[in-house]
Each structure stands twice: as structure tokens, then as C-alpha cells.
Amino acid sequence: MKTKLQGKRWEREFESGVLKKWKRKWPYGFDRKTKRPVYSIDTPPPYVNTPVHIGQATTYVLMDMFARFRRMTGNNVLFPLGLDRNGLPIEMAAENKFNVKLTSLPRTKAIGMCKKILEESSLASVDSFFRLGISFNSWKKGTGIGDLYETDSPDYRTLTQETFIDLWNKGIIYEDERANNFCPGCQTTLADAEIDYENRKGSYYHIKFKVKETGEDIVIATTRPELVCTIGMVIYNPGDKRYRHLEGKTAIAPVFGKEVRIKAHPSAEIGKGTGIMMVCSFGDLADIRFFRDMKLEPVISIEKDGTMNKNAGFLQGLTIKDAREKYVKELEKTGLLVKTVPTDKHRVPVCERSKDAIEFISMKELYVKQVEFKSDMKKLARKMNFFAPRSRQILIDWIDSVSIDWPISRRRFYATEIPLWYCRKCGQAVVPPKGRYYKPWLEGPPAGSTGLKNGKCGKCGSSGFRWVERVFDTWFDSSISPLYILKYTRKPEGFFEKHQPCSVRPQGKEIVRTWLYYTVLKDWLLTGRRIFKDVWINYHVVDEKGKKMSKSKGNMIDPKEVLDRFGAEPFRLWTVMEGNLEKTDFRCSFERMEGTGKTLTKLWNVARFISMFPAPKTRPKKLCALDEWILQEVNGIVKHARERYENYDFHNPATRIRNFLWETFASHYVELVKQRAYNENGEFSREEQAAARYTLNTVLDAILLLLSPIVPLITYRIYTDLRGKDNHGLEFPGTDERVAKKRLPFNAKDVMEFNSAVWKAKREKGISLRTEVKSATASEKLKPLEKDLASAHNIRNLKYGKPLKVDV
RNA sequence: GGGCCUGUAGUCUAGUGGUUAUGACGCUGCCCUCACACGGCAGAGGUCCCCGGUUCGAAUCCGGGCGGGCCCACCA
């Protein structure tokens with residue numbers, strides 16, 4: 001008899017054959033015609049200018065399993081690939097490549113450079129997804145349902161601008177001038193969510209102030225001496241006896257000579273520094289709060305470009321760093337510097353992208369109201385299903401800590417431009433009507449804009465308008481991804497209404513406070529609805545030592561390396577076998593990937609073996625007890641897998657399936673049924689033989705279908721080779737009710753125990769497994785298996801009773 | 001400083017009040033048995049982080065500690 005599968009094992013090279021076949025006629029497009037329910041996956045668009053890394057590969061592989069499983073359970077799966085092309089990473093790549101600061105260029109030129117970067121980054125990253133066997137709806141760019149989309153396409157940017165126009169008209173967006181987090185490197189305002197804290201080296205400068213009334217010196221420690229020019233007050237703790245006599249007196253700022261009050265205030269701590277501190281405007285957020293509370297007039301000394309202005313007096317024009325040095329030198333000269341204490345634990349707020357220290361600078365920016373919606377957000381957070389459930393807390397914690405509205409304007413280049421003009425004369429704001437992508441740096445406000453009357457300012461009648469060069473925060477763009485993929489306010493009409501909420505948002509835990517939070521917020525503000533049904537939060541793939549992978553550490557792993565070494569299938573299998581990404585990080589180990597890959601060889605060979613025994617055309621009327629038993633085992637696995645898959649858990653079923661395939665099925669069932677399947681001596685009836693062949697094939701089919709979402713390439717290859725059709729287009733297996741209720745006196749353990757005893761006895765005697773066993777005593781329970789047991793082990797005299805005994 | 005989570009053999013993982021703790025990778029030894037040597041069999045390897053408590057009984061529940069991770073807040 002010949003096997004139908006060629007080769008002793010699944011080879012990495014087989015993968016490209018399957019992929020090539022798929023590519024010719026892509027089988028996973030979104031089906032616009034059927035009425036099947038839509039299952040939508042709001043995939044996280046990766047940045048295009050960096051290669052896909054191994055962690056992303058893992059999460060997309062898992063998302064692909066969600067998609068493939070849902071397809072097999074009757075859903076029309078919306079699984080689009082999006083590419084993020086907006087934002088600072090692109091701009092920074094351009095700055096590095098062309099060695100310029102975009103802020104020094106005219107807008108058109110800056111945008112042109114970003115476009116060049118984008119052209120070159122092309123689709124290199126997408127290729128890894130393809131090779132991983134990800135079943136995105138499409139690999140072609142377009143605006144149809146399920147098409148590959150880019151966040152900088154005119155269509156996407158149109159929707160981004162439209163959501164702004166809607167929220168503006170609803171009064172949810174407002175403009176305000178206030179101190180903001182400002183990154184001098186990126187030259188833009190930042191939201192709290194974009195700020196990191198770092199411990200940096202710095203120095204505490206102990207500076208002498210004079211008390212005007214008494215002439216005594218007080219020493220104040222500070223890390224920001226250059227801000228002394230903006231000093232608003234000197235404070236000490238009300239319980240601090242050392243300074244109590246200074247209450248209400250006046251301190252004179254060294255060098256600048258500015259006079260400020262000395263007061264007791266609880267925010268000064270006795271044990272910190274010298275116990276007495278100066279409060280300057282905009283050293284940090286606490287200062288801002290203090291100034292507001294004390295009704296002090298803030299003095300702004302730092303300009304947008306990070307240099308000191310006229311309020312800094314003799315420091316004017318210098319960068320912050322130079323200003324600090326110059327001021328400290330001046331203090332030294334005049335003997336006002338007591339000492340300098342170095343510290344490497346100076347905690348500084350930094351821009352999460354450029355790592356520049358954040359300054360607090362007052363600017364006019366646009367805000368989305370969010371503080372007043374905190375309780376609504378919490379309600380929404382409770383309405384969504386989280387996988388794992390405890391991940392919900394990450395979102396709730398963030399909502400609790402929101403304290404200011406969401407600043408959405410940025411002074412950058414490669415992002416969606418804010419379609420908002422102002423009358424040059426009276427400052428009236430003008431917002432265009434919805435309908436297309438506006439490029440306000442090239443055009444004025446169109447006819448039909450609100451605030452406009454006959455092409456002139458509706459307020460003062462003037463006809464000059466200007467655009468402030470501002471773009472949206474990247475999260476303002478990306479928070480509409482579920483709206484975009486579900487065609488909110490787009491064609492086909494009614495699609496969004498019918499298919500919202502989006503079925504699942506899969507994303508990393510570290511961007512819960514940004515991507516997830518802003519999406520839930522913004523889409524609720526727009527539609528009044530909860531945008532996601534499920535939220536799946538994944539942890540990370542870390543390097544072998546458990547450290548987060550990052551470019552700066554140089555421990556990044558490109559999935560291409562994995563694909564070249566092992567192929568997609570061992571990697572996919574490793575992804576589910578290694579652990580549950582919902583619960584923990586997992587370590588990237590090539591050794592373990594290679595190890596898990598062996599299961600593919602096992603699967604291949606089991607299939608190869610079974611392919612020698614074609615299945616009968618119909619199910620035999622009567623099955624043997626052994627067959628019924630293995631089919632019951634399959635039922636258990638199928639039930640478990642379906643339940644767990646529905647809850648985004650592929651890890652636990654995969655473990656069980658592998659164990660079943662390897663142990664229960666291959667080692668025990670197959671070994672016992674071999675003789676009956678071959679039936680070379682005619683010791684079994686035709687019906688018994690047919691039952692064996694039927695069961696072998698039925699179990700194989702079930703295994704292949706159960707594994708289809710996990711390892712799509714090998715299951716496809718085996719299924720099409722043996723069955724002549726695509727397994728991925730089939731229904732996920734159900735339980736076989738015909739055997740489900742059958743009561744069998746033995747269980748898996750009984751069978752395995754007996755087999756092991758026979759094999760052990762033969763091995764100990766050093767005889768072949770074929771050699772006859774004189775007699776054996778098996779448990780009474782195994783009686784229904786008599787014929788299979790006797791034949792498989794070649795037992796002459798099979799008796800029943802206790803204990804289990806084998807005589808060779 | 002606050003919050004959330006986590007700690008099972010060299011590595012990873014299952015388990016969750018009940019007899020000798022699951023499975024895998026790796027390791028050691030024997031075996032090329034006609035689907036598979038990327039195989040089979042056997043074996044070594046664990047104070048289930050530590051200390052208390054609840055319980056007839058705890059790796060599993062509670063409290064405390066120690067270690068790790070993430071998030072938030074904050075410093076003169």
C-alpha cells in the first residue's frame with residue numbers, strides 16, 4: 001500500500017507552495033454578498049518604517065487564529081490589514097535620513113521628505129505577515145470593506161477630519177491657552193499619555209536667598225536654577241520651626257533681585273532638601289497647580305524653541321542648558337552658590353518618543369472634553385468583555401487618573417491637518433463642511449464653512465483667513481480605526497449601523513491608556529455607543545533573558561529570521577504552546593520553537609500512515625468498541641476546543657490536542673487498530689476493517705480541523721492532498737452524538753495501562769513486539785477490546801482478572 | 001509613595017482545597033519495531049518563593065514578608 005503524502009516529514013519549503021496557491025486566488029476576502037454575521041477584528045496598524053518584530057508577529061498570528069476559527073463557525077470575518085503612516089516616527093526617520101530639522105523647513109518640503117521615507121519603507125513588513133499565513137481580507141490598498149488601509153490615505157484622513165468637524169460642531173472640542181507639556185525636540189504639545197519619566201543625572205544647587213526684612217540668608221536647593229527668574233513664592237512647611245519666623249517676610253531672588261513672599265504651605269516637606277523651597281512657574285505640573293491655587297501670575301521664561309525669553313533677563317536667548325550654566329557661574333562669582341550636590345536620581349518627565357525633557361509652556365491648543373465623561377467611560381469599560389478579565393482594571397485605573405482634557409493639536413507635519421482657519425482680523429474660527437480631505441496649508445476655508453458668510457468672515461466681514469500649522473495627535477487618528485473599518489458614514493450605507501459594535505479589539509497592554517481609551521472615548525462621543533464587544537489584551541514577547549525588546553538594547557528579533565530558520569508553522573505552534581499571552585509575557589526561545597515544531601512531523605506522519613487506508617464511502621453501521629472509545633475522546637477535545645477558542649484561548653486546547661494526537665491517538669489507538677486496518681490475514685470481518693478505516697480517517701479529519709486555525713499551512717496541505725478540498729472553508733467540527741451516549745466499561749487509562757504492560761514485558765525480554773505473548777491477564781473492563789488487543793499484541797491466551805499480568 | 005498583576009524541576013507550562021503535582025523542551029541510558037530516529041521506551045531532575053494562619057487536609061484560601069513585571073503619582 002502506498003502513502004499519499006510524499007516525504008517523511010513536513011518541510012519548511014512546503015509553506016511557500018501553499019502560500020503560492022493561496023495567492024493566486026486569495027481565499028480570505030470579505031464576502032460582501034452573504035448574510036452570515038460579520039465578525040470584525042480591529043487590527044492594530046503597525047508602523048511601516050520599522051520592520052515587524054517578533055512580538056507583533058506573535059499577536060498577529062493569534063489574531064489570525066481568531067479570524068480562522070470564526071470563519072469556521074459561520075462568520076463573515078472582517079480582518080483588514082491597516083498600516084500606520086502618520087506621526088513622529090516617520091518624521092524622525094526623515095530627519096535622520098536627510099539630516100535636517102523638519103521645523104526649519106517649509107511645510108510642503110517637510111511633508112515631501114516624509115513621503116520619501118514612506119515610499120522606501122514600502123511593503124517589506126507586510127511580507128512577513130504574508131509568510132506567516134495571516135488571513136487578512138486583502139493585501140491590496142483600497143477603500144472597500146476589508147481592504148488594506150493606510151492612516152494617511154485621503155479617505156482615512158477625510159474621516160479623521162470629519163470626526164473633528166462633528167465634535168467641534170457638537171461643542172466637545174474647544175480651544176484654550178494654558179500651560180502644556182511641550183517637547184522642545186519635537187516642537188509640539190504632548191498629552192499626559194505621551195510622557196515617560198526617567199531618572200537622569202542632575203545636580204541640586206544650593207542657592208542663597210536674602211530675607212529683605214532681617215537680612216539673613218536662607219538656602220534653597222533646586223535642580224532648575226535657571227527658573228529662578230520666574231519665582232512666585234518661597235514656601236516652607238507649617239510645622240517647620242526653623243523657618244516659622246519668616247512667615248510673611250520677603251525673599252530676594254539671587255542675581256535677579258526679584259522679591260517674593262515667604263509663606264508656610266503644606267506642599268513643602270520638612271525633610272526634603274533644605275526644607276524651604278521656591279516655587280517657579282512651570283517647572284512641573286505641581287507648579288502649575290500651585291500658581292493656580294495661590295492666584296499667582298505665572299511668568300513664562302521659556303520659548304517654544306527651548307530658549308529663554310526676555311523674562312529671563314541676562315539669560316535671554318540662551319538654551320535652557322546654557323542658561324543654567326551661565327546662571328550658576330554668576331552665582332559662584334557672587335558667592336551665592338553654597339554647594340552643588342550631584343544626583344543620578346533626578347526624575348524628569350521626558351517625551352516618550354524623542355526622550356527630550358518636557359517643558360511646560362503656555363500655548364493655544366485644541367482640547368477634547370474628557371474630564372466630565374469619566375463616569376461614562378467607566379460604565380463603558382464595564383460593558384466590554386475583557387480577555388483576560390483582569391485587564392479591564394488597566395483601563396479603569398487610567399480613567400481614574402485622567403485629570404485634564406485631551407489636548408489633540410500638535411505642531412508637527414506628517415499627520416492629519418486640523419481643518420480650522422481663523423479670520424485674520426477678528427480671530428473668528430472657521431470650520432469646513434464634511435466631505436473631503438482638506439489641505440489647509442494649501443487652501444483657504446471652502447464655501448459652506450461654518451463661521452463664513454459669502455466667502456467672508458461671518459463676524460467682521462473680513463476676507464483674510466489664516467491657518468495655524470497644527471495637526472492632530474496620532475491617537476486622534478488611530479482612535480477611529482473601528483469606525484473606519486466598519487465604514488462609519490461611508491459606503492455601503494448602513495453597514496456600520498448593522499455591524500457595530502466591532503467584535504474585538506486586540507491590542508497590547510501598554511497602550512490601553514492611549515489606543516483603547518481614546519477609541520472608546522472618541523467613538524462614544526461620536527456615536528453614543530460602546531464601540532467594542534470584546535477587548536483582547538496581550539502581554540509581550542521578551543528576549544531570552546526576560547527583557548523587553550527594543551531597538552536601543554539591540555535585542556530585537558526580526559520574524560524573517562524565524563521564518564527562514566524554522567518556517568511559519570513551528571512559530572505559530574510555538575506561539576500557542578508557549579503560554580497564554582493574555583496572562584504573561586513570554587520569552588523568545590529558538591530552542592523551544594524548534595522543539596514544538598516536532599509536533600508537525602508527528603501530525604504529518606500520522607496523516608501519512610492513515611492515508612494508506614482510504615475511508616469507506618459511508619459510515620459502517622457498526623463500530624468496534626475501540627473505535628467508539630477514540631471517537632468519544634475526540635468529542636471531549638472538540639467540545640473543549642470550541643469553548644476555549646470562543647474565549648480567545650488557543651493555548652489550552654492546543655496543549656490537549658497535541659497530547660491527544662501524540663499519546664492517545666498515535667501511540668495507543670493507532671497501534672491497536674493497525675492489524676484490523678491492514679487485515680492481511682483476514683482475521684477481521686470486512687465490516688470491522690471498514691470501521692477501523694472509517695475511524696482512523698474521521699479522527700484525522702477532526703484533528704486537522706481543530707488545528708486549522710493554529711497551523712493553517714500544514715493542515716491545508718494534508719487536507720487538500722488527502723481530501724481534495726480546502727479545510728479552511730469547512731465547518732468547525734461538532735461532537736459526534738452517535739457515540740457520545742454510548743457507555744463503555746473502560747477508559748483511556750485502562751487501555752494505556754494494558755498496552756504499556758505488554759510493551760514493557762516484551763522489551764524486558766528483549767523480544768520483538770511482533771513475537772507472540774503466551775498469555776496475558778487484562779482487566780475485565782477491557783473485554784470489549786479482546787479481538788483488537790489479542791491481534792495487536794499477538795496474544796495467544798487473553799484472560800481477564802487481576803492483577804494485570806503478561807507472560808512472554 | 002499608590003494601584004494592578006505575578007513567583008510550580010535547567011527552561012517553559014497545566015492545575016487549583018484531598019491519595020505518589022500535568023505536560024513539553026532540554027538532559028542521561030537503551031532500541032534504526034514495516035507512519036514517524038524531528039521516532040520509541042526507560043530514567044534522573046521539584047522545600048509548588050519564604051513565614052505564619054484557616055482546615056481533618058493547602059502548591060491551591062487568608063495575612064505578612066521577599067523577588068519580578070506593568071501602570072500611575074511625585075521630589076527641593
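Reckoned from all heavy atoms, side chains included, excluding hydrogens, waters and symmetry mates. Letters go in sequence order (proteins before strands), and every chain restarts at 1. Bear in mind that the values here come from a model prediction, so they are computed numbers and not experimental data.
Donor-acceptor pairing under 3.5 Å, judged by distance alone, is present between the side chain of Arg592(A) and the base of rC12(B). You'll find a donor-acceptor pair under 3.5 Å spanning the side chain of Glu671(A) and the base of rA35(B), going by distance alone. Put simply, the side chain of Lys602(A) and the base of rC36(B) share a donor and an acceptor less than 3.5 Å apart.
For rA35(B), one of the phosphate oxygens OP1 or OP2 lies less than 4.0 angstrom from a side-chain nitrogen or oxygen of Tyr678(A). Contact annotation: Lys8(A) side-chain N/O to rA37(B) OP1/OP2 distance is under 4.0 Å.
If you check every strand for non-hydrogen atoms under 4.0 Å, His206(A) touches nothing. Residue contacts for Trp662(A): at a heavy-atom cut-off of 4.0 Å it reaches the sugar-phosphate backbone alone, with no base atom in range. Within the nucleic acid shown, Ala607(A) has no heavy atom closer than 4.0 Å to any nucleic acid atom. Across all strands shown, Thr655(A) has no heavy atoms under 4.0 Å from either base or sugar-phosphate atoms. If you check every strand for non-hydrogen atoms under 4.0 Å, Asn652(A) touches sugar and phosphate atoms only. Residue Lys762(A) is classed as having no contact, given no heavy-atom separation below 4.0 Å to the nucleic acid.
Environment of CD in Glu594(A): sparse, with no more than 12 heavy atoms of neighbouring residues, nucleotides or ligands closer than 6.0 Å.
Within the cation-pi definition used here (under 6.0 Å to the ring centroid, within 45° of the axis), Lys674(A) qualifies as a partner of Phe609(A). The side-chain tip of Arg505(A) points at the ring of Trp515(A) from less than 6.0 angstrom away and within 45° of straight on.
The closest side-chain donor-acceptor pair between Tyr694(A) and Asp627(A), if any, does not fall under 3.5 angstrom. Using modelled atom types and a 3.5 Å distance limit, the side chains of Gln370(A) and Tyr517(A) yield a donor-acceptor pair.
Of the candidates rC12(B), rG3(B), rA35(B), rC12(B) carries the atom nearest the Glu578(A) side chain, counting heavy atoms from C-beta on. Comparing rA35(B), rA76(B), rG69(B) by their nearest atom to the side chain of Lys509(A) picks out rG69(B). In this structure, of rA35(B), rC38(B), rC41(B), it is rC38(B) that holds the atom nearest to the side chain of Lys598(A). Nearest to the side-chain atoms of His651(A) among the listed nucleotides rA14(B), rG26(B), rA76(B) stands rA14(B).
Each of Ile610(A) and Glu594(A) was matched to the nucleotide of RNA chain B holding its nearest heavy atom; the match closer to the 5' end belongs to Ile610(A). Place Ile276(A) and Glu663(A) on RNA chain B by their nearest nucleotides, and Glu663(A) ends up nearer the 5' end.
Across rA9(B) and rA21(B), the matching P atoms stand 14 Å from one another, rounded to whole Å.
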